[in-house]
Amino acid sequence: MHVHVEVGADGRLSLPEYLMSGSAAYFKVAERTKTVAEIAAYYRERRMAAVVFTVDAESATGHPPISSEEIAEACAEHADILIPFASVDPWRGNAAVRQARAMIERYGVRGFKFHPSVQAFHPNDPMVYPLYEVLAEHGAIALFHSGQTGIGAGLPGGGGIRLKYANPLLVDDVAADFPDLPIVLAHPSFPWQDEALAVATHKPTVHIDLSGWSPKYFPPQLVRYANTLLRDKVLFGSDFPVITPDRWLADFDTLEIKPEVRPMILKDNAVRLLGLRDRDA
C-alpha cells in the first residue's frame, strides 16, 4: 500500500536533492531511486502488487514534482502489478481540485497521497476541503503521512520540515466531516501512536498502513490492536525504496500476529479497501 516513485522519466527527483540525500542517510540506503518500470519489474519478480505515488510539494519546497499523470500512464502499462495513486499540491486551490478530478476521471487513479509535513499544511484546514469533496464523490482513498518523517531528519532544522502537521488527530476532523471518504493513516504514527489507534477505532473509514518502520520496532499497542480491534483495517506497506518488502516481510514473520490475521494484513484488507476483484488480486 505504500511505494514511492522517486525519479521521473526525465530524471527529475521527487524532492530536492538535499532532502533526498538526507532521507537516504537516515534510512541507511545507498541506491534508492527507481522509475515506474523498475518498480514494476521489482514487484513482478515477487508476485506482489503495489500502490505507487509521488509527493507534489512544490508550493512548500519550490521543487517541481514528478508528474502524477506520467506515473498513472506508466502504471497503465503494468496494470497487473501497479495501482496508481496521485498527489496534488493542496496549496494550489481550485487548480488542485481540477487536477484531482482529472486524475480520477481521466487517469483512473484509486487514491491520493498527502504528506502534510512536506507539503506544509494542516489536514483539517478548510482550504483543502474542496479537494476532499472530489475524492469523497468518487470514492477515492486519501492516504495521509502521519507521525515523524525521515525526510529532513538529521538535517539542520530538520530541513525546514515541521512535524506538527502530521498529528493523526488532525485527520480525525477530516474523517468526521467526510464520513464516506476512505482514509489511510500511513506508518506507525510516532509519537502519536495512541492517537492514530483512537481515530482508526472511532471512525469506520480510517485505516492504518504499516509502512516506514521495520515490524520489529512496532509499538506493542499497535501489534495488539492489529490482532484484535483493527484486524480488518491494518494494511501491509513497506515504504519502498527506503525499506524493501523483503526486509519488511522477514521481520513481520517474527511478529506475534495471529495466523488468521496475517493474510488479512498482507492482502485481504487492501483488496477490499481498493475495491479489487478476485482476479485482480
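When the side chains of ILVMFWY residues are joined at heavy-atom separations under 4.5 Å, either directly or via intervening members, Leu163 and Ile151 end up in two distinct hydrophobic clusters. Both Val128 and Leu135 belong to a common hydrophobic cluster when Ile, Leu, Val, Met, Phe, Trp and Tyr are linked at side-chain heavy-atom distances under 4.5 angstrom. Linking ILVMFWY side-chain heavy atoms closer than 4.5 Å, directly or via other members, places Leu229 and Trp192 in two distinct hydrophobic clusters. Ile71 is connected to Tyr107 through a chain of hydrophobic side-chain contacts under 4.5 Å among Ile, Leu, Val, Met, Phe, Trp and Tyr, so both are in one cluster.
In this view, His202 satisfies the side-chain contact (heavy atoms from CB on, under 4.5 Å) rule with no residue, not counting sequence neighbours. Ala198 pairs by the side-chain contact (heavy atoms from CB on, under 4.5 Å) definition with nothing, not counting sequence neighbours. Every residue two or more places apart in sequence or in another chain that forms a salt bridge (charged side-chain N to carboxylate O under 4.0 Å, His left out) with Asp246 is listed here: Arg46. The side-chain contact (heavy atoms from CB on, under 4.5 Å) test applied to Lys233 returns His207, Leu230, not counting sequence neighbours. Annotation: salt bridge (charged side-chain N to carboxylate O under 4.0 Å, His left out) contacts of Glu58 (sequence neighbours excluded): none. Residues meeting the side chain to side chain donor-acceptor pair (under 3.5 Å) test with Ser67, sequence neighbours left out: Glu69. Not counting sequence neighbours, the partners of Arg44 by the salt bridge (charged side-chain N to carboxylate O under 4.0 Å, His left out) test are Asp80. Judged as a salt bridge (charged side-chain N to carboxylate O under 4.0 Å, His left out), and not counting sequence neighbours, Arg272 has no contacts. Partners of Leu266 by side-chain contact (heavy atoms from CB on, under 4.5 Å), not counting sequence neighbours, listed by chain and number: Phe236, Trp248, Leu249, Phe252.
Within the structure, no pair that satisfies the side chain to side chain donor-acceptor pair (under 3.5 Å) test touches residues 151-165, not counting sequence neighbours. Under the ring-ring contact (aromatic ring centres under 6.0 Å, His included) criterion, no residue pair touches residues 61-104, with sequence neighbours excluded. Counting only residues at least two apart or in different chains, ring-ring contact (aromatic ring centres under 6.0 Å, His included) contacts with residues 34-62 comprise His2-Phe53, His4-Phe53, Tyr42-Phe240, Tyr43-Phe240.
Panel note: side chain Thr205, backbone Leu181; a donor-acceptor pair is recorded below 3.5 Å. A distance-only check finds a donor-acceptor pair linking the side chain of Ser87 to the backbone of Asp56 [under 3.5 Å]. A donor-acceptor pair under 3.5 Å is formed between the side chain of Thr244 and the backbone N or O of Arg247. With Gln99 contributing its side chain and Ala95 its backbone, the two residues share no donor-acceptor pair below 3.5 Å. Checking side-chain atoms of Ser238 against main-chain N and O of Ser211 turns up no donor-acceptor pair under 3.5 Å. Judged by distance alone, the side chain of Asn227 and the main-chain N or O of Glu256 form a donor-acceptor pair under 3.5 Å. Formation of a donor-acceptor pair under 3.5 Å by the Asn269 side chain with backbone atoms of Arg231 is found in this model.
From Met1, atom CE reaches atom CG of Leu273 across 5.0 Å, with rounding to the nearest 0.5 Å. Rounded to the nearest 0.5 Å, atoms CG (Leu185) and OG (Ser146) are 5.0 Å apart. In this structure, His115 NE2 and Ile161 CD1 are separated by 7.5 Å, a value rounded to the nearest 0.5 Å. Note that the CG atom of Leu169 and the CG atom of Asp194 stand 10.5 Å from one another [nearest 0.5 Å].
With contacts defined as side-chain heavy-atom distances shorter than 4.5 Å, the pair Leu274/Ile141 qualifies. Within the 4.5 Å cutoff, no side-chain heavy atoms of Val51 are placed close to those of Arg110. In this structure, Leu210 and Leu222 have side chains that are in contact, with non-hydrogen atoms separated by less than 4.5 Å. The shortest side-chain heavy-atom distance between Met264 and Val234 does not fall under the 4.5 Å cut-off. Using a 4.5 Å heavy-atom cutoff, the side chains of Val7 and Lys34 are not in contact. Residues Val199 and Ile208 form no side-chain contact, since every pair of their non-hydrogen atoms from C-beta on lies 4.5 Å or further apart. Pro123 is listed as a side-chain neighbour of Tyr132, based on a closest heavy-atom distance under 4.5 Å. Contact check for Thr54 versus Ser68: side-chain heavy atoms found under the 4.5 Å cut-off.
Contact between Ala136 and Phe178 at its shortest, heavy atoms only, is CB-CD2, 4.4 Å. Closest non-hydrogen pair, Val261 versus Ala226, comes out as CG1-O, 3.5 Å. Across Val134 and Arg101, no two heavy atoms sit closer than the pair CG2-NH2, 3.6 Å. Closest approach of Ser59 to Asp89, counting heavy atoms only: OG-OD2, 2.6 Å. Nearest heavy atoms, Leu82 versus Cys75: CB-SG, 3.9 Å. A pairwise comparison of heavy atoms in Gln193 and Pro219 identifies OE1-CG, 3.8 Å as the closest pair.
With 3.5 Å as the limit, one finds no donor-acceptor pair spanning the side chains of Asn167 and Glu195.
Atom CZ of Phe218 has more than 12 heavy atoms from other residues, nucleotides or ligands within 6.0 Å. Annotation: Asp10, atom CG; neighbour count of heavy atoms from other residues, nucleotides and ligands within 6.0 Å is above 12. For Glu260, the CD atom sits in a packed shell: over 12 heavy atoms of surrounding residues, nucleotides or ligands are nearer than 6.0 Å.
Tested against Phe144 for a side chain to side chain contact (heavy atoms under 4.5 Å, CB included), the candidates Val171, Leu170, Val206 yield a single pass: Val171. Among His145, Glu6, Lys113, the one residue that satisfies the side chain to side chain contact (heavy atoms under 4.5 Å, CB included) test with Val55 is Lys113.
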